[in-house]
Structure formats: C-alpha cells, structure tokens
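Computed from a predicted model, the values in this text were never measured in an experiment.
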Amino acid sequence: MVTTMFLIVLLIVQFWGLYCHVQNWVNPSKSIAILKVETDKEMNGAANFTAIVMALLYIPTLLRGAKLVPNSIITLALIILAAIEFVLVPIRVTNDGKLYSGTSEEMIAKFLHRRKSLKSVLSFIGNLLETIVIVIALYLIFTGGVLK
C-alpha cells in the first residue's frame, strides 16, 4: 500500500512536471522572473538538490512498484525507468552546473535557448512516456493485472 501511495505521488509529480514544461514553452515569464532574482549559486544548489531528491524518491519507488505490477512488460519498463533515473542524476547535476552559472542575463539567455532546443522536446517526450508507464502500472495494481 505504501508503494502504491508513492507511485501516486510520483504520478502527481510527473503531471506537475509536464505542466511546468508546457508552461515554460508557452509563457516563460515566471521562470525568467525567478532567474532575475536568484543568484547562480542558489539556482545551482536548488537544481542539484532537486535532482538528488528526485532520484532518491523515484528509484526505490519504481523498483518497489515493479515488484507489485502483475505484468512482466510493465515490470521491465519500471526497472528500465529506475535505471534511467540512476544514470541521469550525474548528467542533471553537470548540466545544471552549466545552465546556472554566470550573471542573471546569461542564465536567462541559456534558459531561453534550452527551452527551444531538441533536448527540451526529447525531455518532454521522455517525461510523458514515464507518466504513461506509471499510469499503466497503477491501473494494473488497482485492477489486479487485467488489461482490457
């Protein structure tokens, strides 16, 4: 039951992340306002902390969720997602160090360039796929593994 609740929390985090991703594409003014106020060290520290906490939340929850799901394909998908999260932690920390360095104007320029990049689109697609896998896993857990 605890694992199921953590999967629900992950699903909420995923939906929030997708919403923020789209919001940054449509109207980046909130993110720009934050970048104008905060220093590069504060932003880098917050981004690194978030990456590590996400890994500490996601990896065990996805692995424990894989034990609960009565479907081998979704079990394998959850294990792969956990492995991807594990691999992405140092990459996220390195990228955050590059993104959140320099003056506010430099950070804003990097942010505006990044939000229009292919990397941003691929990141959104990856988050969408991860959300779909979590939804299917929760559905299988709640229905006893019956896909109709």
Nearest 0.5 Å please: distance from the [atom1] atom of [X] over to the [atom2] atom of [Y].
X      : Y      : atom1 : atom2 : result
Phe124 : Asn24  : CZ    : CG    : 12.0 Å
Lys36  : Ser29  : NZ    : OG    : 9.5 Å
Leu68  : Ile141 : CG    : CD1   : 5.0 Å
His113 : Ile108 : NE2   : CD1   : 16.0 Å
Leu63  : Ile79  : CG    : CD1   : 7.0 Å
Ile132 : Ile74  : CD1   : CD1   : 10.5 Å

Would you say that more than 12 heavy atoms from the other residues, nucleotides or ligands in this model lie under 6.0 Å from the CD1 of Ile8, or not?
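Yes - once you tally the heavy atoms of other residues, nucleotides and ligands closer than 6.0 Å, there are more than 12.
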Give a yes or no on this: more than 12 heavy atoms of other residues, nucleotides or ligands lie within 6.0 Å of atom CZ of Arg115.
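Count over threshold, so yes.
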Heavy-atom closest contact ([X] atom, [Y] atom, distance):
X      : Y      : value
Ser104 : Leu35  : OG-O, 3.3 Å
Leu78  : Ala137 : CD1-CB, 3.9 Å
Val89  : Ala55  : CG2-CB, 3.2 Å
Ile34  : Met43  : CG2-SD, 4.0 Å

Candidate pair Met54 and Val13, rule side chain to side chain contact (heavy atoms under 4.5 Å, CB included), full reasoning
CA-CA 10 Å; Met54 280 179 54; Val13 169; 5.7 Å; no
In one Ile/Leu/Val/Met/Phe/Trp/Tyr side-chain cluster, 4.5 Å: [X], [Y]:
X      : Y      : answer
Val69  : Leu138 : yes
Phe142 : Leu140 : yes
Phe111 : Val26  : no
Phe49  : Ile59  : no
Ile134 : Phe15  : yes

Residues 81-88, side-chain donor-acceptor partners within the protein, below 3.5 Å, at least two apart:
{"from": "Glu85", "atom 1": "OE1", "to": "Arg92", "atom 2": "NH1", "distance (Å)": "3.0"}

Check whether any side-chain heavy atom of Ser101 lies under 4.5 Å from a side-chain heavy atom of Glu106, and answer yes or no.
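Of all side-chain heavy-atom pairs linking Glu106 with Ser101, none is under 4.5 Å.
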Between Leu62 and Leu10, is there a side-chain heavy-atom distance shorter than 4.5 Å?
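The answer is yes; the side chains approach within 4.5 Å.
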Could you name each residue pair satisfying side-chain hydrogen bond (donor to acceptor under 3.5 Å, both in side chains) that touches residues 50-70, not counting sequence neighbours?
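Sorted result for residues 50-70: Thr3-Arg64, Gln14-Tyr58.
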What verdict does the side chain to side chain contact (heavy atoms under 4.5 Å, CB included) test give for Val121 and Trp25, after you've listed the backbone C-alpha separation in whole Å, the side-chain angles of each residue and the deciding distance to 0.1 Å?
CA-CA 10 Å; Val121 173; Trp25 282 338; 4.3 Å; yes
Please check if the side chain of Ser120 supplies one atom and the backbone of Lys116 the other of a donor-acceptor pair under 3.5 Å.
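Side chain of Ser120 to backbone of Lys116: no pair is present.
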